[in-house]
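For the single chain, residues carry numbers from 1 onward in sequence order.
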Amino acid sequence: MINILIAVVCILLDQGFKYLAVQHLKGQAAVTVIPGLIGLRYAENTGAAFSILSGKVDFLIIITAVALAVVAFFIVAKKFDKKIEEFCFVLIFAGGVGNLIDRIVHGKVVDYLEFLFIEFPIFNFADILVCCGVGLYAVYTVVSEFSSKKGKAEGTDD
């Protein structure tokens, strides 16, 4: 039940931020939030990350829907050994749904966050959710593997 609540809150935040971006940033000049660090700039993306597959919205809708169905199955079926793994996939799911809603409803994804200190694509809250979920899962997996191998080398099983 907590997974559903987390996912719904994240999806609502994502859609709310995108709504605000459309209302206040579209057609406006970029806004610096933290000088030299982060700004707000309205952008529309008909592709996936880094605008790959730009214009292939129908294909991206299908691929995203299939991927989200698989992730949802794993979450609902409790296919995870640890809660942290489950949490990672809830973040990935929520971010995926947020961008899927945009693609289905608008044919594009609204982006509005930009790093000012490097050349990097403009992104949104849903992208942050997906990246944090994947990144946290990767760190957890590496640490778990390291701990497991260390335990075996010391003659204990974790």
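At least one side-chain heavy atom of Phe73 sits under 4.5 Å from a side-chain heavy atom of Lys79. Inter-residue side-chain proximity for Asp102 and Lys108 is flagged as unmet; no heavy-atom pair is nearer than 4.5 Å.
Taking CD of Glu86 as the reference point, atom CG of Asp81 lies at 11.0 Å (rounded to 0.5 Å). Here the straight-line distance linking atom CZ of Phe93 with atom CD1 of Ile6 works out to 13.0 Å at 0.5 Å rounding. Rounding to the nearest 0.5 angstrom, the gap separating the CZ atom in Phe74 from the CZ atom in Phe80 is 7.0 Å. Between atom CZ of residue Phe146 and atom OG1 of residue Thr141 there is a gap of 15.0 Å, rounded to the nearest 0.5 Å. Note that the CG atom of Leu100 and the CD1 atom of Ile62 stand 11.0 Å from one another [nearest 0.5 Å]. How far CD1 of Ile11 is from CD1 of Ile4: 10.5 Å, rounded to the nearest 0.5 Å.
Closest of all the heavy-atom pairs between Ile38 and Leu113 is CD1-CD2, 4.4 Å. In this structure, Leu129 and Cys10 approach most closely via the heavy-atom pair CD1-CB, 3.6 Å. Nearest heavy atom pair, residue Phe117 against residue Gly36, reads CB-O, 3.3 Å. Closest heavy-atom contact between Thr46 and Val57: O-CG2, 3.5 Å. Of all heavy-atom pairs between Ile75 and Asn3, the closest is CG2-ND2, 3.8 Å. The heavy-atom pair separating Ile92 from Val130 by the smallest distance is O-CG2, 3.8 Å.
Side-chain rings of Phe123 and Phe115 approach one another, their centers coming within less than 6.0 Å.
The side-chain hydrogen bond (donor to acceptor under 3.5 Å, both in side chains) test applied to Tyr42 returns Glu44, not counting sequence neighbours.
When the side chains of ILVMFWY residues are joined at heavy-atom separations under 4.5 Å, either directly or via intervening members, Phe125 and Val110 end up in a single hydrophobic cluster. There is no path of hydrophobic side-chain contacts, each under 4.5 Å, that joins Val71 to Val66. Residue Leu5 is not grouped with residue Val76 when hydrophobic side chains (ILVMFWY) are merged at heavy-atom distances under 4.5 angstrom, including chains of intermediate members. If you chain together hydrophobic residues whose side chains sit under 4.5 Å apart, Leu68 and Val70 fall into the same group. One hydrophobic cluster, built from ILVMFWY side chains closer than 4.5 Å, cannot hold both Val90 and Val8; they sit in different ones.
Applying the side chain to side chain donor-acceptor pair (under 3.5 Å) test to residues at least two apart or on different chains, the pairs with a partner in residues 4-14 are Asp14-Lys18. The side chain to side chain donor-acceptor pair (under 3.5 Å) analysis of residues 113-138, with sequence neighbours excluded, yields the pairs Arg41-Glu114, Asn99-Asn124, Asn99-Asp127, Asp111-Asn124.
Although no hydrogens or angles enter the test, the distance criterion places a donor-acceptor pair under 3.5 Å between the side chain of Glu85 and the main chain of Lys82. In this structure, the side chain of Tyr140 does not engage the main chain of Gly135 through any donor-acceptor pair within 3.5 Å.
More than 12 heavy atoms of other shown residues, nucleotides or ligands fall within 6.0 angstrom of atom CZ in Phe120.
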